[in-house]
Chemist: 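Got a structure here, written out as structure tokens. Questions coming.
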Amino acid sequence: MIEVSKFDKIIAANWKLNGSLDFINRYFNDFHSKTSFYSNVCGIICPPSIYLNNFSINHPLFLGAQDCSKFNSGAYTGEISALMLKESNCQFCIVGHSERRQIFNQTDEDIKLKAENLINQSINPIICIGETFEEKKRGSTKDVLKKQIFNSLPENASIQSIIIAYEPIWAIGSGLMPTLAEIDSIHSFIKNIKNLEKFKILYGGSVKSNNAKNIMDLENVDGVLVGGASLDPSEFIKILNS
Ligand code: PGA
């Protein structure tokens with residue numbers, strides 16, 4: 001398992017349902033020609049799982065998946081287990097992304113099981129939490145985050161193994177974002193739930209190269225989870241170097 005606590009910054013690319021073999025080849029041609037490398041940054045690329053075996057990436061880049069099954073084996077058509085991800089050289093795995101929670105009805109309890117399975121296979125889970133716009137308007141953001149943390153963090157979570165990503169759902173893919181002060185204060189709130197002071201907490205939702213540095217300079221932010229902007233290698237390299 002990668003010891004996540006040793007990195008200064010963690011920057012993860014969530015490609016979602018995007019990419020092809022041709023896209024991957026072009027992406028890394030571009031990537032390698034433009035890269036000058038950054039110290040003590042953990043960069044994670046999360047392509048669709050079917051492509052995990054088509055990557056040969058080296059430190060400081062690591063490979064991640066976007067989800068895994070809560071089951072380890074059996075009659076669960078279409079599922080991919082933590083062991084299968086491990087055997088595909090996967091080192092990190094996003095779980096509980098709001099798109100999986102909302103579109104595929106995943107619950108906190110499912111996410112906890114997935115995270116446990118991943119840790120048992122020495123894969124670092126990136127556990128996503130975040131409120132909807134309605135919850136924010138109602139003033140219930142903190143209650144929502146607290147419930148998600150209490151119910152989806154596995155018992156075997158440690159500062160070495162787990163990354164938490166705070167992604168306000170209304171900020172994902174929308175170009176909208178909380179203010180920097182709001183992001184810092186929510187991260188500080190999360191760090192104070194259940195002794196999470198030393199856990200790595202990423203911010204996600206409309207992160208681009210032109211706002212990544214300001215976000216990552218915040219005291220309580222340990223990195224970013226990037227969707228749309230990570231599909232452009234020049235953008236992602238700029239974010240890695242922010
Ligand atoms: P976005 O997505 O950067 O396109 O807003 C972030 C995410 O869904 O993780």
Chemist: Verify whether the ring centers belonging to Y27 and F236 lie closer than 6.0 Å.
Modeler: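 Y27 vs F236: aromatic centres not under 6.0 Å.
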Chemist: For the pair K114 and D110, find out whether any cationic side-chain nitrogen is under 4.0 Å from an anionic carboxylate oxygen.
Modeler: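 Salt bridge absent between K114 and D110.
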Chemist: Is the W15 ring parallel, tilted or perpendicular to the F23 ring (thresholds 30°, 60°)?
Modeler: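 Aromatic pair W15/F23 classed perpendicular.
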Chemist: Would you say D184's side chain and A181's backbone share a donor-acceptor pair under 3.5 angstrom?
Modeler: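 Side chain of D184 to backbone of A181: no pair is present.
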Chemist: Strictly distance-based, threshold 3.5 Å: is any side-chain N or O of D217 a donor or acceptor partner for the main-chain N or O of N214?
Modeler: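 Not a single qualifying donor-acceptor pair exists.
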Chemist: Sub-3.5 Å donor-acceptor pair from the side chain of Y203 to the main-chain atoms of G205, do we have one?
Modeler: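 Yes; at least one donor-acceptor contact below 3.5 Å.
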Chemist: Where is the tightest heavy-atom contact between I111 and G96, given as atom of each residue plus distance?
Modeler: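 Shortest heavy-atom contact: CD1-CA, 3.4 Å.
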Chemist: Apply the test side-chain hydrogen bond (donor to acceptor under 3.5 Å, both in side chains) to residues E182 and S185: give CA-CA distance (whole Å), side-chain angles for both, the deciding distance (0.1 Å), then the verdict.
Modeler: CA-CA 5 Å; E182 281 169 336; S185 123; over 6 Å; no
Chemist: Does any N or O in the side chain of Q102 come within less than 3.5 Å of the main-chain N or O of E99, such that one atom is a donor and the other an acceptor?
Modeler: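 It does not hold such a pair.
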Chemist: Show your working on side-chain contact (heavy atoms from CB on, under 4.5 Å) between N120 and N156 and close with a plain yes or no.
Modeler: CA-CA 9 Å; N120 290 339; N156 55 355; 3.7 Å; yes
Chemist: Taking atom CD1 of I103 as the centre, report whether more than 12 heavy atoms of other residues, nucleotides or ligands fall under 6.0 Å from it.
Modeler: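 For I103, atom CD1 is crowded (more than 12 foreign heavy atoms under 6.0 Å).
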Chemist: Using side-chain contact (heavy atoms from CB on, under 4.5 Å), reason through I119 and M1 one step at a time and then give a plain yes or no.
Modeler: CA-CA 8 Å; I119 293 173; M1 177 159 317; 4.1 Å; yes
Chemist: Write down the atom of E235, the atom of A229, and the distance for their closest heavy-atom approach.
Modeler: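 E235 and A229 have their closest heavy atoms at CB-O, 3.3 Å.
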Chemist: Near K198 NZ, under 6.0 Å, is it more than 12 heavy atoms from other residues, nucleotides or ligands?
Modeler: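 No - once you tally the heavy atoms of other residues, nucleotides and ligands closer than 6.0 Å, there are 12 at most.
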Chemist: Go through the steps to decide whether L145 and I129 satisfy the test side-chain contact (heavy atoms from CB on, under 4.5 Å), and finish with yes or no.
Modeler: CA-CA 6 Å; L145 299 178; I129 57 172; 4.0 Å; yes
Chemist: For the atom pair CD1 (I169) and CD (E167), what is the distance rounded to the nearest 0.5 Å?
Modeler: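 Between I169 CD1 and E167 CD, I get 9.0 Å after rounding to 0.5 Å.
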Chemist: Apply the test side-chain contact (heavy atoms from CB on, under 4.5 Å) to residues S81 and C68: give CA-CA distance (whole Å), side-chain angles for both, the deciding distance (0.1 Å), then the verdict.
Modeler: CA-CA 6 Å; S81 72; C68 81; over 6 Å; no
Chemist: Donor-acceptor check, side chain of R101 to backbone of C128, threshold 3.5 angstrom: yes or no?
Modeler: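 The answer is yes, because a donor-acceptor pair under 3.5 Å joins these two groups.
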Chemist: For M177, is the CE atom crowded, meaning more than 12 foreign heavy atoms sit under 6.0 Å from it?
Modeler: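 Counting other residues, nucleotides and ligands, CE of M177 exceeds 12 neighbours.
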Chemist: Hey, what's the ring geometry for H187 with Y166, parallel, tilted or perpendicular (30° and 60° as the breaks)?
Modeler: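 Correct class here is perpendicular.
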Chemist: Do other residues, nucleotides or ligands put more than 12 heavy atoms under 6.0 Å from K146 NZ?
Modeler: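 Count not over threshold, so no.
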Chemist: Using the rule given for side-chain hydrogen bond (donor to acceptor under 3.5 Å, both in side chains), can you reason through S140 versus D143, listing the C-alpha separation, both sets of side-chain angles and the distance that settles it, and then say yes or no?
Modeler: CA-CA 5 Å; S140 48; D143 291 338; 5.8 Å; no
Chemist: Grab the two heavy atoms, one from P168 and one from P178, that are nearest each other, plus how far apart they are.
Modeler: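 Heavy atoms of P168 and P178 come nearest at CG-CG, 3.8 Å.
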Chemist: Would you compute the distance between atom CZ of F62 and atom CD1 of I11 and round it to the nearest 0.5 angstrom?
Modeler: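 Spacing of CZ (F62) from CD1 (I11) equals 12.5 Å.
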Chemist: Can you get from V41 to L218 by hopping between Ile, Leu, Val, Met, Phe, Trp and Tyr side chains that sit under 4.5 Å apart?
Modeler: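 Yes, V41 and L218 fall within the same hydrophobic cluster.
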Chemist: Would a single hydrophobic cluster contain both L225 and V4, if residues Ile, Leu, Val, Met, Phe, Trp and Tyr are joined by side-chain heavy-atom contacts under 4.5 Å?
Modeler: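 Both belong to a single hydrophobic cluster.
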Chemist: Look at D222 together with K191 and state whether they make a salt bridge at an N to O cut-off of under 4.0 Å.
Modeler: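 Result for this pair is yes, salt bridge flagged.
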Chemist: Measure the shortest side-chain to side-chain distance between I215 and L180 over non-hydrogen atoms and say whether it is less than 4.5 angstrom.
Modeler: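 Yes, close enough: below the 4.5 Å cut-off.
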Chemist: Are side-chain heavy atoms of N54 and L21 found at a separation under 4.5 Å?
Modeler: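 Yes; the side chains approach each other to less than 4.5 Å.
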Chemist: Do the non-hydrogen side-chain atoms of C93 and L85 ever get within less than 4.5 Å of each other?
Modeler: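 Of all side-chain heavy-atom pairs linking L85 with C93, at least one is under 4.5 Å.
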Chemist: Once rounded to the nearest 0.5 Å, what's the spacing between atom CD1 of I237 and atom OG of S230?
Modeler: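 Answer for the CD1-OG pair, I237 versus S230, is 12.0 Å.
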Chemist: Search all heavy atoms of V207 against all heavy atoms of A212 and return the closest pair with its distance.
Modeler: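 Heavy atoms of V207 and A212 come nearest at CG1-CB, 4.0 Å.
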Chemist: What is the distance from atom NZ of K112 to atom CG of N151, rounded to the nearest 0.5 Å?
Modeler: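 Interatomic distance, K112 NZ to N151 CG, rounded to 0.5 Å: 7.0 Å.
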Chemist: For S152 and D108, indicate whether the former's side chain and the latter's backbone hold a donor-acceptor pair under 3.5 Å.
Modeler: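 Side chain of S152 to backbone of D108, a donor-acceptor pair under 3.5 Å: no, none is there.
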Chemist: Counting only pairs under 3.5 Å, give me each side-chain donor-acceptor contact of residues 42-53, with atom names and distances, residues two or more places apart or in other chains.
Modeler:
none

Chemist: D67 vs Q106, test: side-chain hydrogen bond (donor to acceptor under 3.5 Å, both in side chains). Steps then yes/no.
Modeler: CA-CA 11 Å; D67 195 16; Q106 292 186 356; 2.9 Å; yes
Chemist: Determine whether V144 and K136 make a side-chain contact, defined as any pair of heavy atoms from C-beta on separated by less than 4.5 Å.
Modeler: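 Of all side-chain heavy-atom pairs linking K136 with V144, none is under 4.5 Å.
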Chemist: Can you find a heavy atom in the side chain of C90 that is under 4.5 Å from one in the side chain of L63?
Modeler: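 Side chain of C90 against side chain of L63, heavy atoms only: no contact under 4.5 Å found.
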Chemist: Is any side-chain heavy atom of L118 closer than 4.5 Å to a side-chain heavy atom of P125?
Modeler: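 Heavy-atom side-chain distance check passes, below 4.5 Å.
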Chemist: How close do S161 and N124 get, heavy atom to heavy atom, and via which atoms?
Modeler: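 Result for this residue pair: O-ND2, 3.0 Å.
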Chemist: How close do K70 and E79 get, counting heavy atoms only, and between which atoms?
Modeler: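 Taking every non-hydrogen atom into account, N-OE1, 4.2 Å.
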Chemist: Looking at F71, I want to see if its CZ is surrounded by more than 12 non-hydrogen atoms of other residues, nucleotides or ligands under 6.0 Å.
Modeler: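 Counting neighbours around CZ of F71, more than 12 heavy atoms of other residues, nucleotides or ligands fall under 6.0 Å, so yes.
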Chemist: If you apply the rule side-chain hydrogen bond (donor to acceptor under 3.5 Å, both in side chains), what do you find for E131 with W170, and how did you get there?
Modeler: CA-CA 8 Å; E131 82 284 2; W170 50 275; 3.0 Å; yes
Chemist: Report the distance from atom CD1 of I159 to atom CD1 of I162, rounding to the nearest 0.5 Å.
Modeler: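 Reported to 0.5 Å precision, the distance equals 12.0 Å.
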Chemist: Are I201 and N220 close enough that some pair of their side-chain heavy atoms sits under 4.5 Å apart?
Modeler: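 No, every pair of side-chain atoms sits at 4.5 Å or beyond.
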Chemist: Is a side-chain donor or acceptor of S158 paired with a backbone partner of Q160 at a separation under 3.5 angstrom?
Modeler: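 Such a contact is found between S158 side chain and Q160 backbone.
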Chemist: Output the distance between atom CG (N40) and atom NZ (K6), rounded to the nearest 0.5 Å.
Modeler: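 Reported value, rounded in 0.5 Å steps: 8.5 Å.
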Chemist: Here's a test for you: under side chain to side chain contact (heavy atoms under 4.5 Å, CB included), which of I163, V226, V224, V221 qualifies with L202?
Modeler: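 Checked I163, V226, V224, V221 against L202; only one passes side chain to side chain contact (heavy atoms under 4.5 Å, CB included): I163.
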Chemist: Considering only heavy atoms from C-beta outward, does the side chain of E197 approach that of N192 to under 4.5 Å?
Modeler: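 Yes - at least one pair of side-chain heavy atoms lies under 4.5 Å apart.
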Chemist: Within the side chain of N14, is there an N or O that forms a donor-acceptor pair under 3.5 Å with the backbone of I94?
Modeler: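 Such a contact is absent between N14 side chain and I94 backbone.
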